[in-house]
Each structure stands twice: as structure tokens, then as C-alpha cells.
Student: 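There's a structure below that I have some questions on.
Since the structure is predicted, the reported quantities are computational estimates derived from the model, not experimental observations.
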Amino acid sequence: MISTLQKTIRPMTAIRGLHQSAVEVLKQPRPEETITASFGKFISEVKSQHLSSVVLHRSKRMVLDSIGVGLIGSTTDVFELALQHCQHMYASDDISSVYGRKGTRLSPTLAAFVNGVATHSMDFDDTWHPATHPSGAVLPAVLALSDMMTANSKPSGLDFLLAFNVGIEIQGRLMRFSNEAHNIPKRFHPPTVVGTMGSAAACARLLGLDHSGCSHALAIAASLSGAPMANAATQSKPLHIGNASRLGLEAALLASRGLEASPLVLDAVAGVAGFSAFYEDYVPQPLGSPNDEGHMFLLEEQDMGFKRFPAHLGMHWVADAAASVHKLLVGAGHGTVSPAEVQDILLRVPHSKYINRPFPESEHQARHSFQFNACSALLDGEVTVQSFTPAAMTRPDLLALLSRVHVEHPHDNPANFNRMYGEVQVTLVGGDILRGRCDTFYGHWRNPLTNESLRKKFRNNAGMVLTSEKVERLIEVLEELDRLEDCSPVLSLLQ
């Protein structure tokens, strides 16, 4: 009887197991209904007609600014080190152009890497909210891939802009799945996370991959993403943007060859980390079809932030606040600001460790120092490219002011680029107190640079490398980019 009973129980147990498995399978969404699939479908189906005139205008400004920043970035030490590494360690593959280096070409992925490094080498590139540097991760990859295509298959200027905007849009959507991502980061540098995904999306669109291939490109890119904030304010930080651009392109190229990855990489799967590994409060939402009425690119809703000087975005608030105090001092008949007049300097800024650097020891630390940028603006009335030269950084007057700085972190001043402010309070030796405050600096997405200001910045940056004739021609070509039959004129003007 026992033997018979055991034989009866075993099939029943097996049936219950099968039933439980079937229930679990039913809980899983169909492949075409996953969040990952919705992103792949969007990337493959979006068309140039989905780009509004506002999005086209804003994205062309981004391309102009990013190229200018990349060109001046090609004069930096970190760019030279990255270029030498690529030239010496890899076989030559003369396909894609390098910013500012006539006759120098690399493989597409290496060109994307060094041009990405150039773009972020001075921390001069655009910034969005939630916080990331979107253009530098995408544009070098799209340029390199366009160079890779044969002469008779170059993308039109409109297709080029479509791919670029897809890369920007994907980054923005992913950042909005986390409240943590809205604040100045503490763990991962955002461009290494969402930038790699944006680069992959842009390149997948330019390659014309189907929705499955686009999904796989994103999933592959997720395995190539992520860098810690500890390397901020060092020469390695620009590598973050270079790698985001390069590895996103690699992911798209691998997907184009048929390499597969997780079909649930963007979905919230209990017990299995996908893209959620980067954000503790990750709550993804599907991306609607671009063919649906009412879809709007995020760039239409929120403009881009462009920097007037090469430093972390948070520095622009304190620099503008300190510059206003400088004007009060000079306007009161004091002439140039002398440290002998200043008894104490109080900064009221958000709490963020990696940009609170009382005595920076390198240009990269100075670009991430509330204290340095406030004191530079207090002395000179502005912060410029020259503010970060060794001669400017070691001025006795600047060092004297730095020694008098104190910092407060008010509760109403969060580490959030959309809500923070900068306040500078200067107590003079005679007891007078002067205050300057900035809630929205010129260049912020709420107070964007005019076309005239943006072109002035571009001329100053690109003019460090290119002739004035090439600089003006680039401005003309990029203004007409959406009307070019192919993007070859842009590619030919970068060296």
C-alpha cells in the first residue's frame, strides 16, 4: 500500500509544479509588451517628421556647441594622452576623423572615444536635467558612424539629426525612471550610465536596425555601462564620456551582427537586476509609439543648459553670485577687488562632497570647486577658460581669498540642478556686508543662451583649432543641417 501511495503522490506533486510554472509564465509579459521592447520599437519606428521645429532648432544648437567644445578640448593634455594611447596600442584603421587633427583618422569606435574625451576634457559640454551630459556621449558616435558609411550611403542631415535626437531622448527617458537621478549624483557618473544607452540607441537608429536589434543594442550597452563618481575632478573623468560614446557604438555594431542580450534589461524583474542596478528607486515605464498622437520629445519640453565657462554646472550659480558682488565693489569706487578689503566670504550652496573643494590642486579639481569659482569671479568679475591656467590658479590674491571662505548648506538648497541656488556673502574689513544670489544663471535651460551668445562661444572655442573661414563655414553648415542631402560637409570641416 505504501508503494502504491507513493506512486500516486508523485504525479500529483509534478502536476502542482507544472501548474505553478504555468502561472509564473503567465505573469511574464509577452516579449512585444515589455518595456525593453517598447524602447526598441520606438527607436526603430521614429521618423524625421516626428521632430518638431523646436526640437530641430534646439538640437542643432546642441550639435554646434558640442563640436566647438570638442575642438577646444582637442588642445588638452588628457585628449593628447587618449589619442596617443589609441595610435600606439591599436592597428591603424583610417576611417573616422578626429577633432582638430588634420590627416588623423582612427577606427570608428576609437574616433568616438577620443572625440568624446575631447568633449568632456574641460567640463565645458552641455548639461540637462535630470543631471547628465547628453551630447558628448552621442554626437562623437554618430559622427564616427557617419564617417564609416560609404560615400553613396552617408545619412542626410535630417537623418543625422534624427539619430542624434533619439540618443538624447532615450537618455532623458531613462533618467526620469528614478527620483535619485534628479539630484547631483553620488554613486555613478550619469553619462556612463544613460550616455552609453543613448549612444547605442542613436547608432542603432542610424544603422536602421529593426525593433529587436534596437532592443538588443540597448541590452548590450547596459553591460558596458557605469563608472563611479570617485574619478570626478581627475583626468579620468573625460574618459567617461569617451567610453559612453565608444561603447554605445560598439553595442549597436554588435547588435547589427546578430548578437543578442536580455529582452528584459529595462524591465523591473524581481530578484534580477537589469538597468535597475544603477538606481535604487528605478521604476520604468514603457515608451509610447512615435506614431501615437501626443508623443513629444523631451527636448521640446525642456531646453538644454549651455555653459559659459568650462566647469561643473554647479559652479555657474556661485560664479554669477560672486560676479554680482564684484560689481557692487567696483561700482562703489573700490576699483579692482583687493583681498585686503575682504575679511570673510560665506558661500551658501548645496551639500555635495565632490564639488566642495576648499583648496584645489589641479585644473580638474578647480573645475569642481565651489570655493575656487566663487573667488575667481569675485576677483575678476567672471570665470573664463583662462581662469584654470596654472598662472591664474596660483595667484597670491586668489589664494588669499580661498583662505577666507566658509561654506554653509541651507536646507532649502538641494543638490538638484533644477532647484538649487548659489549665494555669496562678503564681509569687508570695515564691517560692511555685500550679498549676491543666483537662482538661475545665464545658460541654464530656464534662461538659455541666445543664438548670438552660443555662436560667440563656438567661435572662441573652435577658433583655437580651426581657421576663421572654417569656423564660419561650420556655423553655416550646421544651421542648414536639416536641409543637407548628406552630412559630408560637416565631417569634412572637423579637422
Student: Without hydrogens or angle criteria, can the side chains of Asn373 and His316 be said to hold a donor-acceptor pair below 3.5 Å?
Tutor: no
Student: At what distance, to the nearest 0.5 angstrom, does CG of Asp380 lie from OG of Ser387?
Tutor: 6.0 Å
Student: So, Glu423 and Asn413: side-chain donor and acceptor under 3.5 Å apart, yes or no?
Tutor: no
Student: Verify the neighbour count for atom NZ of Lys457: are there more than 12 heavy atoms of other residues, nucleotides or ligands below 6.0 Å?
Tutor: yes
Student: Under a 4.0 Å N-O cut-off, is there an ion pair linking Glu479 with Arg61?
Tutor: no
Student: Taking NZ, NE, NH1 and NH2 as the nitrogens, is one of them in Arg446 or Asp303 under 4.0 Å from a carboxylate oxygen of the other?
Tutor: no
Student: Looking at Asp320 and Arg308, does any basic side-chain N land under 4.0 Å from a carboxylate oxygen?
Tutor: yes
Student: At what distance, to the nearest 0.5 angstrom, does NE2 of His444 lie from CG of Asn418?
Tutor: 5.5 Å
Student: State, with a plain yes or no, whether a side-chain heavy atom of Thr119 is found less than 4.5 Å away from one of Tyr99.
Tutor: yes
Student: Do you see a donor-acceptor pair shorter than 3.5 Å between the side chains of Thr440 and Tyr421?
Tutor: no
Student: Does Met148 CE have over 12 foreign heavy atoms under 6.0 Å away?
Tutor: no
Student: Under a 4.0 Å threshold between the charged nitrogen and the carboxylate oxygen, would Arg187 count as salt-bridged to Glu180?
Tutor: yes
Student: With sequence neighbours left out, write down each residue that passes salt bridge (charged side-chain N to carboxylate O under 4.0 Å, His left out) with Glu408, or none if nothing qualifies.
Tutor: Arg348
Student: Can a cation-pi geometry be assigned to Arg357 and Phe370, taking NZ or CZ under 6.0 Å from the six-membered ring centre and within 45° of the ring axis?
Tutor: no
Student: State, without any angle test, whether His182 and Asn416 hold a side-chain donor-acceptor pair at a distance under 3.5 Å.
Tutor: no
Student: Ignoring hydrogens and angles, write down the donor-acceptor pairs under 3.5 Å from the side chains of residues 194-204, residues two or more places apart or on other chains.
Tutor:
{"residue": "Thr196", "atom": "OG1", "partner": "Thr192", "partner atom": "O", "Å": "3.0"}
{"residue": "Ser199", "atom": "OG", "partner": "Ser245", "partner atom": "O", "Å": "2.9"}
{"residue": "Ser199", "atom": "OG", "partner": "Leu249", "partner atom": "N", "Å": "3.4"}

Student: Check Glu169 with Arg205, please: is the shortest side-chain N to carboxylate O separation under 4.0 Å?
Tutor: no
Student: Looking only at side-chain N and O atoms, does Thr450 offer a donor or acceptor that is under 3.5 Å from a partner on Ser453?
Tutor: yes
Student: Examine the side chains of Ser135 and Asp126 and answer whether a donor and an acceptor come within less than 3.5 Å of each other.
Tutor: yes
Student: What is the minimum heavy-atom distance between Pro190 and Met175, and which atoms define it?
Tutor: CB-CE, 4.0 Å
Student: Among Thr36, Ile170, Leu266, Ile35, which residue meets the side-chain contact (heavy atoms from CB on, under 4.5 Å) test with Leu287?
Tutor: Ile170
Student: Heavy-atom count check: over 12 atoms from other residues, nucleotides or ligands less than 6.0 Å from Met149 CE?
Tutor: yes
Student: State whether Trp128 and Arg176 meet the cation-pi test: NZ (Lys) or CZ (Arg) under 6.0 Å from the six-membered ring centroid, and within 45° of the perpendicular axis.
Tutor: yes
Student: Quick one: side chain to side chain donor-acceptor pair (under 3.5 Å) partners of Tyr354, sequence neighbours excluded?
Tutor: His312
Student: So, Ser156 versus Asp486: side-chain donor-acceptor pair below 3.5 Å or not?
Tutor: no
Student: Please determine whether salt bridge (Lys or Arg N to Asp or Glu O under 4.0 Å) holds for the pair Asp65 and Lys307, giving the CA-CA distance in whole Å, both sets of side-chain angles, and the decisive distance to 0.1 Å.
Tutor: CA-CA 9 Å; Asp65 182 70; Lys307 299 176 180 179; over 6 Å; no
Student: Less than 3.5 Å apart, any donor N or O on the side chain of Ser97 or Asp147 sitting next to an acceptor on the other?
Tutor: yes
